Amino acid sequence: AQTVTQSQPEMSVQEAETVTLSCTYDTSESDYYLFWYKQPPSRQMILVIRQEAYKQQNATENRFSVNFQKAAKSFSLKISDSQLGDAAMYFCAYRTQYNNNDMRFGAGTRLTVKP
Amino acid sequence: KAGVTQTPRYLIKTRGQQVTLSCSPISGHRSVSWYQQTPGQGLQFLFEYFSETQRNKGNFPGRFSGRQFSNSRSEMNVSTLELGDSALYLCASSLTRTSGDYEQYFGPGTRLTVT
């Protein structure tokens with residue numbers, strides 16, 4: 001079974017600086033999809049970024065980018081120019097390549113942004 | 001386009017009772033997945049419905065059930081409530097189940113408290 005591990009329960013960053021959140025996963029599949037979701041204190045989960053495993057190029061979305069290392073099964077999220085609104089729980093998630101919407105989530109990393 | 005909506009937002013029930021939660025997906029989305037979020041277990045997949053059929057089910061007891069209607073709205077039911085069922089129940093919708101349009105969009109959740 002696929003598992004997702006986020007080893008940093010909490011992280012802190014100064015406003016305008018850069019922070020990297022770590023995620024590793026375990027799978028025997030060669031094709032799959034990875035996601036980072038953000039859950040602000042209001043609780044609505046928001047998709048931040050996604051990565052298809054067959055793509056070698058790392059995904060980017062404005063200030064958010066990933067470092068996808070397929071061989072190492074690592075999928076870290078980098079947030080540049082951190083803003084107060086980035087404060088939230090961040091979840092790394094894995095989805096199989098098959099027609100299946102069962103996503104596996106990591107335990108989450110709580111990010112605090114200091115002004 | 002309206003997002004995923006869930007009703008009610010908050011619910012307090014007594015042990016032994018049953019509860020029904022509702023989820024309306026984004027217009028046009030045909031897949032609805034349900035997740036349970038607790039501090040101890042994190043986000044866990046409950047089940048997925050697509051075209052009124054349960055397509056996938058997580059590792060939860062039979063007390064947890066669901067259904068989907070022809071307009072893609074979904075309900076989940078928990079019978080004989082236990083204290084451990086206290087959680088945030090999240091619903092997520094996606095356009096399809098296939099590899100092309102699989103991104104899941106989450107609702108705000110229903111906070112269930114069992115006393």
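What you see is a predicted model, and the numbers here were worked out from it, not measured in a lab.
Linking ILVMFWY residues whenever their side-chain heavy atoms come closer than 4.5 Å, directly or via other members, leaves Phe50(B) and Leu90(B) in distinct clusters. Note on Phe35(A) and Phe75(A): separate hydrophobic clusters, where clusters join Ile, Leu, Val, Met, Phe, Trp and Tyr whose side-chain heavy atoms are under 4.5 Å apart, directly or indirectly. In the hydrophobic clustering of ILVMFWY residues, with side-chain heavy atoms under 4.5 Å counting as a link, Leu46(B) and Leu21(B) come out together.
Shown here is Asn62(A), whose CG atom has no more than 12 heavy atoms of other residues, nucleotides or ligands within 6.0 Å. When the shell of 6.0 Å around CZ of Arg110(A) is examined, it contains 12 or fewer heavy atoms from other residues, nucleotides or ligands. Atom CZ of Arg15(B) is surrounded by 12 or fewer heavy atoms from other residues, nucleotides or ligands within 6.0 Å.
Minimum interatomic distance between Pro108(B) and Gln44(A) (heavy atoms only, all atoms of both residues): CB-OE1, 3.6 Å.
The most heavy-atom pairs under 4.5 Å with chain A, out of Gly58(B), Ala92(B), Ser31(B), Gly107(B), come from Gly107(B). Per-residue counts of heavy-atom pairs under 4.5 Å with chain A were compared for Gln104(B), Arg55(B), Arg111(B); the largest is that of Gln104(B).
A side-chain contact (heavy atoms from CB on, under 4.5 Å) with Leu43(B) is found for one member of Met103(A), Met45(A), Arg104(A) and no other, namely Met45(A).
In this structure, OH in Tyr37(A) is found 5.0 Å from CZ in Phe106(B), a value given to the nearest 0.5 Å. To the nearest 0.5 angstrom, Gln37(B) atom CD is 8.5 Å from Phe105(A) atom CZ.
For Phe47(B), no part sits under 4.5 Å from any heavy atom of chain A, backbone or side chain.
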